Number of protein chains: 2
Amino acid sequence: MTGDTHRPHTGRRRNEAARQAILDVAVELLGSAGDGPVTIDTIAAAAGVGKQTIYRWWPSKGAVLLEALAGRAGADIPVPDTGSLRADLEAFLRATFRAAGNPHTASALRHTMAEAQRDPHAREPMRDFLASRRRVLRGLLERARDRGEIASGADLDLIVDQAYGVLWIRILNGHARLGEAEATALAGSLAGQARG
Amino acid sequence: MTGDTHRPHTGRRRNEAARQAILDVAVELLGSAGDGPVTIDTIAAAAGVGKQTIYRWWPSKGAVLLEALAGRAGADIPVPDTGSLRADLEAFLRATFRAAGNPHTASALRHTMAEAQRDPHAREPMRDFLASRRRVLRGLLERARDRGEIASGADLDLIVDQAYGVLWIRILNGHARLGEAEATALAGSLAGQARG
DNA sequence: AGTTGTCGAGACTTTCTGTCTCGTCAATAC
DNA sequence: GTATTGACGAGACAGAAAGTCTCGACAACT
């Protein structure tokens, strides 16, 4: 990720402060844009930046939004390793659901997922982002499997998708709450399912 | 649903053939629009209809797409009632995953879900559509609970969301297959979870 | 001092949504 | 049987937003 150009690179250097300001503003707008859409002009204006500066470094709006999201979401989610599947699952899902239940975060997730459906440049970053989140949960399950708490033939990816599936469908459709109580119930279900 | 106006209603009547043509074309375009977006002009042109005819009967593009989707999806999904939770779940999820795994249907579902995130007029129809699908699965679970196959205190809505959550996150993110094998595995997991 | 490439700013093009207008046509009222 | 009413197809129009292009200014390297 750290830029090491092989050529000496003449000319003015990229303004990292502007780059960070763009991402900061994108996260901010994504979180507080329940009503209107997040536009490039709004981002540029709020970041004190020209539009071309954005398009010089990202191929599309969706790419900016995805990088902004990936830089934040998941930052505050611990990776528990207590030695108990049930306890690990509960801690992880409670933290995850609490974060995703926050209206700002939920708004950001909704907007970015919608953007990823229409912007090809956002599809792969979104896949990468979700893959990184899934990987953490899968690692937790693998440790439980190594301890013998999960049958060795169990489909861990299916368990992972059940957990994040509940999260995403509730964020996108908003038909049910997404809080710690739901996380605890889900942890119990999944742990029981894995055991059987 | 059948229109019974109280006033005699003078003037030319609504063209039901045009209405149906619009919905047919919308479904068709939703399924085959992997690349570009589905636009109002395209729908109007393909249906041989003026744009205003669309906006006279639907408040927005999203409303058209949602009504088109709701009219088709779920039409071919049986509601099994074999007396066995495991068998019912497997039959239902296999049919559901097979339908959703079809590229045309998957494309339609992705587009509509994205549209529902940005178009307020599409949010409620989408909620209604998903609620109707969830209701079928929940009914299946309730029958199993009445038979004693599921603990009476179990959170049926959570089980429902685990099933549809897997479906939606895989449709939207495309990181894993969505076929009958996956449906069978999921049915086994959920049935085992409910039993415990 | 000259070259190169970024900077903020903003005009511009393109695409799409949703509105408005027009002349036409069908169903009811008189 | 003619007038009224309102939907019809067609398409011009306005507004929003993405993404491109150009400008003069500025910073880093030769």
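Just so it is clear, the model here is predicted, and its values are computed rather than measured. Per chain, numbering begins at 1; letters A, B, ... match sequence-line order.
Looking at heavy-atom distances under 4.0 Å, B:V64 makes no contact with the nucleic acid at all. Here B:W58 lies out of heavy-atom contact (under 4.0 Å) with every strand.
Proximity note for B:R12 (side chain, C-beta onward) versus C:dG5, C:dG8, D:dG6: the nearest is D:dG6. When distances run from any side-chain atom of A:T39 to the nucleotides D:dG9, D:dA18, C:dA26, the shortest one goes to D:dA18.
In this entry the distance linking NE2 of B:H111 with P of C:dC16 reads 12 Å, nearest Å. In this structure, CD1 of A:I22 is placed 14 Å from P of D:dG19, rounded to the nearest angstrom. Spacing between atom CD1 of B:I54 and atom P of D:dG11 amounts to 15 Å, rounded to whole angstrom units. Between the CD atom of B:E16 and the P atom of D:dA7 there is a distance of 13 Å, given to the nearest Å.
Across all non-hydrogen atoms, the minimal contact from A:I159 to A:L141 is CG2-CD1, 3.8 Å. When all heavy atoms of A:A26 and A:I43 are compared, the pair lying nearest together is CB-CD1, 4.4 Å. The two atoms that bring A:W58 and A:E67 nearest to each other are NE1-OE1, 2.8 Å, heavy atoms only. For A:R110 against A:I171, the heavy-atom pair with the smallest separation is CD-O, 3.2 Å.
For B:R56 and D:dC8, the shortest distance from a side-chain N or O to OP1 or OP2 is below 4.0 Å. Taking side-chain N and O atoms only, A:W57 has no distance below 4.0 Å to OP1 or OP2 of C:dG5.
In this structure, B:R19 fails the cation-pi test against B:W57, since its NZ or CZ atom is not both closer than 6.0 Å to the six-membered ring centre and inside 45 degrees of the ring normal.
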Any N/O pairs under 3.5 Å between the protein and nucleotides 18-21 of chain C? List them or say none.
unit_1	atom_1	unit_2	atom_2	d
C:dG18	OP2	B:Y55	OH	2.8
C:dG18	OP2	B:K61	N	3.1
C:dG18	N7	B:K51	NZ	3.1
C:dG18	O6	B:K51	NZ	2.5
C:dC20	N4	B:Q52	OE1	2.9

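The number of heavy atoms from other shown groups lying within 6.0 Å of CD (A:E142) is above 12.
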